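Accompanying notes for the structure given below.
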Amino acid sequence: MEPLYQQTHKQVHEIQSHMGRLETADKQSVHLENEIQASIDQIFSHLERLEILSSKEPPNKRQNAKLRVDQLKYDVQHLQSALRNFQHRRYTREHQERQREELLSRPFTTNGTQKKILDIANMLGLSNTVMRLIEKRAFQDKYLMIGGMLLTCVVMFLVVQYLT
């Protein structure tokens, strides 16, 4: 039982070091995750064998052997949980990156919006001439607003100059 226990214990420590590298690995993380999962599966099979062997130990060593196997099982379950958490974070991050790329690849043009507005206006019975007049008026209104703002600033400046 002892050699198998030592080998399994050593594998648990190797997995713990791999988990540390997993946080810093970027593109290789999937490959490393698969290696870690395979190691964890192998350790679980070793633990089953160790449980059988611990029950065959002499009565004075049996409880100690079961405690050691249970501790290993507990450690491996935590490693399994940590691996799942890492995979979940990676899947979430990849999903967010895909959504971001999808949003950035969408064309955000006003021409499409303007075309839709024209289509809606045509459906409502407004002619293209009326729509052009409305667009021209909006363009003129913008210049009127800018001119009014400048005139207001000049008047305020003159009032401050002459009253102080």
Side-chain angles (χ1 to χ4, degrees), residues 1-124 126 131 134-135 138-139 141-143 145-146 149-150 152-153 156:
M1 175 178 157
E2 195 60 33
L4 183 59
Y5 175 81
Q6 293 299 330
Q7 178 188 1
T8 306
H9 192 263
K10 183 179 175 185
Q11 279 183 312
V12 168
H13 285 292
E14 288 174 0
I15 290 175
Q16 287 171 341
S17 69
H18 288 316
M19 290 294 286
R21 286 191 323 190
L22 190 61
E23 292 293 332
T24 58
D26 225 5
K27 302 294 180 195
Q28 303 172 356
S29 67
V30 175
H31 178 67
L32 196 55
E33 284 175 31
N34 293 337
E35 285 181 17
I36 291 172
Q37 186 60 53
S39 296
I40 288 174
D41 293 341
Q42 184 181 20
I43 289 174
F44 275 125
S45 67
H46 286 191
L47 287 172
E48 290 173 5
R49 179 81 177 126
L50 281 170
E51 283 182 335
I52 294 170
L53 292 175
S54 68
S55 65
K56 294 180 180 179
E57 286 285 317
N60 59 346
K61 294 182 179 180
R62 189 174 301 153
Q63 186 173 359
N64 188 25
K66 286 187 184 238
L67 284 174
R68 290 170 55 186
V69 170
D70 287 343
Q71 181 62 44
L72 272 179
K73 191 183 290 186
Y74 180 77
D75 291 344
V76 173
Q77 287 170 347
H78 278 281
L79 288 172
Q80 181 84 28
S81 175
L83 180 62
R84 281 194 205 112
N85 287 339
F86 177 81
Q87 288 171 332
H88 178 71
R89 286 193 313 265
R90 183 178 54 83
Y91 292 145
T92 303
R93 187 175 51 245
E94 288 174 355
H95 180 68
Q96 289 171 345
E97 288 174 4
R98 280 193 305 271
Q99 284 181 331
R100 185 177 333 121
E101 289 300 321
E102 182 183 317
L103 283 174
L104 290 175
S105 67
R106 285 186 187 170
F108 288 105
T109 59
T110 57
N111 292 343
T113 307
Q114 188 175 15
K115 185 178 184 308
K116 287 179 184 178
I117 290 173
L118 285 172
D119 290 343
I120 291 170
N122 284 334
M123 285 174 39
L124 293 175
L126 297 175
M131 289 303 295
I134 292 171
E135 288 175 6
F139 186 74
D141 287 349
K142 182 170 52 171
Y143 283 114
M145 181 188 68
I146 292 171
M149 290 167 49
L150 288 175
T152 303
C153 288
M156 288 171 54

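No experiment lies behind these values; they were computed from the predicted model shown. For the single chain, residues carry numbers from 1 onward in sequence order.
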Is it true that E102 and R98 make a salt bridge, defined as a side-chain N closer than 4.0 Å to a carboxylate O? no
Determine whether the aromatic ring centres of residues H78 and Y74 are separated by less than 6.0 angstrom. yes
Can you tell me which residue among I40, V76, D75, L83 is in a side chain to side chain contact (heavy atoms under 4.5 Å, CB included) with I15? I40
Measure the spacing between CD1 of I43 and NZ of K73 and express it to the nearest 0.5 Å. 13.5 Å
What are the two closest non-hydrogen atoms of L32 and H18, and how far apart are they? CD2-O, 4.0 Å
Just wondering, are more than 12 heavy atoms of other shown residues or ligands nearer than 6.0 Å to NE2 in H13? yes
Indicate yes or no: at least one non-hydrogen side-chain atom of E57 is less than 4.5 angstrom from one of N64. no
So, do Y5 and L53 sit near enough that their side-chain heavy atoms are less than 4.5 Å apart? no
V30 and R90: CA distance, side-chain angles, deciding distance, side chain to side chain contact (heavy atoms under 4.5 Å, CB included) verdict: CA-CA 9 Å; V30 175; R90 183 178 54 83; 3.5 Å; yes
R93 side chain reached by E97 side chain, heavy atoms, under 4.5 Å: yes
Take atom CZ in R62; do more than 12 heavy atoms of anything else shown fall under 6.0 Å from it? yes
Test side chain to side chain contact (heavy atoms under 4.5 Å, CB included) on K66 and S55 and set out the steps. CA-CA 8 Å; K66 286 187 184 238; S55 65; 4.3 Å; yes
Answer yes or no: does atom CD of Q7 have more than 12 heavy-atom neighbours from other residues, nucleotides or ligands under 6.0 Å? yes
Distance, nearest 0.5 Å, that separates CZ of R100 from OG of S105: 12.5 Å
Evaluate the side-chain proximity of Q71 to H9: yes if any heavy-atom separation is below 4.5 Å, no if none is. no
Using only atom types and a distance under 3.5 Å, with no angle test, would you say the side chain of T92 pairs donor to acceptor with the backbone of H88? yes
Atom NZ of K61 and atom CZ of R68: how far apart are they, to the nearest 0.5 Å? 10.0 Å
Report the distance from atom CD of E33 to atom CE of M19, rounding to the nearest 0.5 Å. 8.5 Å
